[in-house]
A.B. asks: 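Sharing a structure, written as structure tokens. Questions coming.
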Protein chains: 2
Amino acid sequence: MSDKDLRATSRALPIALLRARETVMAQIRPMLADTGVTEQQWRVLRVLAEDGGMDPTDIAEKSCLLLPSLTRILKFLEENALVTRKRHETDGRRHVVEITDKGRGLIDRNAPASNRIYAELEKSFGTKKMNRLLDLLDELAHLKL
Amino acid sequence: MSDKDLRATSRALPIALLRARETVMAQIRPMLADTGVTEQQWRVLRVLAEDGGMDPTDIAEKSCLLLPSLTRILKFLEENALVTRKRHETDGRRHVVEITDKGRGLIDRNAPASNRIYAELEKSFGTKKMNRLLDLLDELAHLKL
DNA sequence: GCAATATGATTAACATGTTAAATATAAACG
DNA sequence: CGTTTATATTTAACATGTTAATCATATTGC
């Protein structure tokens with residue numbers, strides 16, 4: 001392949017990652033539709049349920065969102081009483097966000113369905129391959145460049 | 001793990017795919033900034049350069065875009081003379097989109113930089129693992145569910 | 001031929017992605 | 001102490017993601 005030609009799109013990593021994600025999300029979206037929150041809002045709630053209260057910067061990092069997106073998402077979640085937000089006690093620049101009981105309830109109600117979907121996906125794809133894929137993705141994500 | 005608990009976000013496939021993609025795109029974005037088109041516009045041009053003229057439905061499929069997004073993207077590309085659009089000769093519902101010389105020039109000018117980035121990524125991650133990852137992603141994307 | 005249905009594409013509405021600029025508070029430093 | 005610099009968050013502007021509705025043209029079945 002000359003350096004002037006591009007590889008086939010089928011072997012382009014960004015597109016391959018997108019396509020795989022699309023297949024996975026197609027399975028998950030019906031469940032999300034039931035929750036009443038978007039995929040991203042769901043991710044934020046999950047992160048907060050998993051790790052407790054934290055500031056927007058950490059939430060963004062853990063939920064794979066950029067801060068401007070997160071600002072809007074937190075606004076929605078707060079207006080719907082799924083999270084609370086208060087100033088950091090000692091650092092006036094920072095905020096502390098916590099999930100509410102209502103938010104936790106939303107997670108708990110939908111966790112079984114989410115796990116069911118995941119189990120089917122793993123069964124269909126193969127546990128071994130799934131773990132191998134997750135390992136490779138994790139390694140790629142943490143690649144030092 | 002109880003069915004009421006969710007897996008750790010670090011082992012959640014949608015998030016793992018996102019994080020890996022973010023690492024890859026961080027390498028590619030500076031190049032894209034030089035091209036003057038967005039990531040999605042670049043994908044559309046690549047697909048058209050690779051496979052020739054086709055209708056929006058096929059472009060959307062190959063470039064991993066939804067039709068409403070593609071409609072706006074084609075509008076931009078056409079306004080900037082990077083693609084042309086005409087009616088299908090026999091089917092009035094369909095359009096045929098083709099890349100222009102200007103569009104092809106944009107691709108050609110940036111292909112070497114793109115390939116350079118990809119080569120570095122592959123060198124750092126390992127050719128074998130890269131191919132294994134692409135294979136797994138392709139298999140996942142085509143999973144029958 | 002014509003009504004019913006299907007298909008290709010666009011539009012609408014709202015949420016998010018992305019980059020740059022703005023705002024507010026802290027920390028550093030002379 | 002006040003000025004500069006750094007950090008946390010938000011706002012702004014524009015592009016895209018997502019679902020539902022709409023519009024135009026084709027196809028089907030009667």
Side-chain angles (χ1 to χ4, degrees), chain A residues 14-15 17-19 21-22 24-26 28-45 53-61 63-80 82-83 85-97, chain B residues 14-15 17-19 21-22 24-26 28-45 53-61 63-80 82-83 85-97:
Chain A
I15 292 182
L17 289 164
L18 263 188
R19 288 185 176 147
R21 190 160 195 281
E22 181 49 35
V24 174
M25 289 314 300
I28 297 177
R29 281 201 192 95
M31 180 274 285
L32 281 173
D34 286 341
T35 67
V37 297
T38 66
E39 178 195 338
Q40 293 84 348
Q41 291 161 2
W42 171 257
R43 280 214 304 278
V44 170
L45 290 177
M54 68 185 96
D55 63 33
T57 298
D58 287 342
I59 298 174
E61 159 71 26
S63 60
C64 270
L65 293 166
L66 295 178
L67 274 171
S69 296
L70 184 59
T71 294
R72 291 173 296 213
I73 290 167
L74 290 178
K75 182 170 180 292
F76 173 91
L77 293 176
E78 192 178 16
E79 283 170 358
N80 287 274
L82 297 167
V83 307
R85 185 154 41 166
K86 54 186 176 192
R87 288 234 152 182
H88 192 279
E89 294 190 357
T90 60
D91 187 339
R93 293 167 303 184
R94 297 165 64 189
H95 288 173
V96 178
V97 181
Chain B
I15 292 182
L17 289 164
L18 263 189
R19 289 185 175 147
R21 191 160 195 281
E22 181 50 34
V24 174
M25 290 313 300
I28 297 177
R29 280 199 193 99
M31 181 274 284
L32 281 173
D34 285 341
T35 67
V37 297
T38 66
E39 177 193 338
Q40 292 85 348
Q41 292 162 0
W42 172 257
R43 281 213 303 278
V44 170
L45 290 177
M54 67 184 94
D55 63 33
T57 299
D58 287 342
I59 298 174
E61 159 71 26
S63 59
C64 271
L65 293 166
L66 295 179
L67 273 172
S69 295
L70 184 59
T71 294
R72 292 173 295 212
I73 290 167
L74 289 177
K75 182 170 181 292
F76 173 91
L77 294 176
E78 193 178 16
E79 284 170 356
N80 288 273
L82 297 168
V83 307
R85 187 156 38 167
K86 54 187 177 192
R87 289 233 152 185
H88 191 278
E89 294 189 358
T90 61
D91 188 339
R93 294 168 301 185
R94 298 166 63 190
H95 288 171
V96 177
V97 182

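All values below come from the heavy atoms of this structure, side chains included, with hydrogens, waters and symmetry mates left out.
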A.B. asks: When you measure only distances, ignoring hydrogens and angles, does the side chain of B:Arg72 come within 3.5 Å of the base of D:dG17 through a donor and an acceptor?
C.D. replies: yes

A.B. asks: Can you work out whether B:Ser69 or B:Thr90 has the more 5'-proximal nearest nucleotide on DNA chain D?
C.D. replies: B:Ser69

A.B. asks: Is the shortest side-chain N/O distance from B:Thr38 to OP1 or OP2 of C:dT18 below 4.0 Å?
C.D. replies: no

A.B. asks: At under 4.0 Å, does any side-chain N or O of A:Arg43 touch on OP1 or OP2 of C:dA15?
C.D. replies: no

A.B. asks: Would you say B:Arg21 places a side-chain N or O within less than 4.0 Å of OP1 or OP2 belonging to C:dG17?
C.D. replies: no

A.B. asks: Can you tell me if the side-chain N/O atoms of A:Arg29 get under 4.0 Å from OP1 or OP2 in D:dT18?
C.D. replies: yes

A.B. asks: Let's see if you can work this out: which of D:dT16, D:dT18, C:dA9 has an atom nearest to the side-chain heavy atoms of B:Pro68?
C.D. replies: D:dT18

A.B. asks: Tell me whether the side-chain N/O atoms of B:Thr57 come closer than 4.0 Å to OP1 or OP2 in C:dT7.
C.D. replies: no

A.B. asks: In terms of side-chain geometry, is the basic nitrogen of B:Glu22 or B:Arg29 positioned less than 4.0 Å from the acidic oxygen of its partner?
C.D. replies: yes

A.B. asks: For a side chain to side chain donor-acceptor pair (under 3.5 Å) with B:Asp91, tell me which candidate from B:Arg94, B:Arg93, B:His88, B:His95 qualifies.
C.D. replies: B:Arg93

A.B. asks: Assign each of A:Leu18 and A:Val96 to its nearest nucleotide of DNA chain D by heavy atoms, then name whichever residue's nucleotide is nearer the 5' end.
C.D. replies: A:Val96

A.B. asks: Taking NZ, NE, NH1 and NH2 as the nitrogens, is one of them in A:Glu61 or A:Arg43 under 4.0 Å from a carboxylate oxygen of the other?
C.D. replies: no

A.B. asks: Atom CD of B:Gln40 and atom C1' of D:dC14: how far apart are they, to the nearest Å?
C.D. replies: 12 Å

A.B. asks: What nucleotide among D:dT25, D:dT19, C:dT11 has an atom nearest to a side-chain atom of B:Arg93?
C.D. replies: D:dT25

A.B. asks: Check B:Lys86 with B:Glu78, please: is the shortest side-chain N to carboxylate O separation under 4.0 Å?
C.D. replies: no

A.B. asks: Touch check for A:His95, heavy atoms < 4.0 angstrom, all strands: base, sugar-phosphate only, or nothing?
C.D. replies: sugar-phosphate

A.B. asks: Which of the following nucleotides, D:dT9, D:dT16, C:dA26, is nearest to the side chain of A:Asp91?
C.D. replies: C:dA26

A.B. asks: If you pin A:Leu66 and A:Arg87 to their nearest nucleotides in DNA chain C, which one's is more 5'?
C.D. replies: A:Leu66

A.B. asks: Could you tell me whether the side chain of B:Phe76 reaches within less than 4.5 Å of the side chain of B:Gln40, counting heavy atoms only?
C.D. replies: no

A.B. asks: Mapping B:Lys75 and A:Leu67 onto DNA chain C by nearest heavy atom, which one lands closer to the 5' end?
C.D. replies: B:Lys75

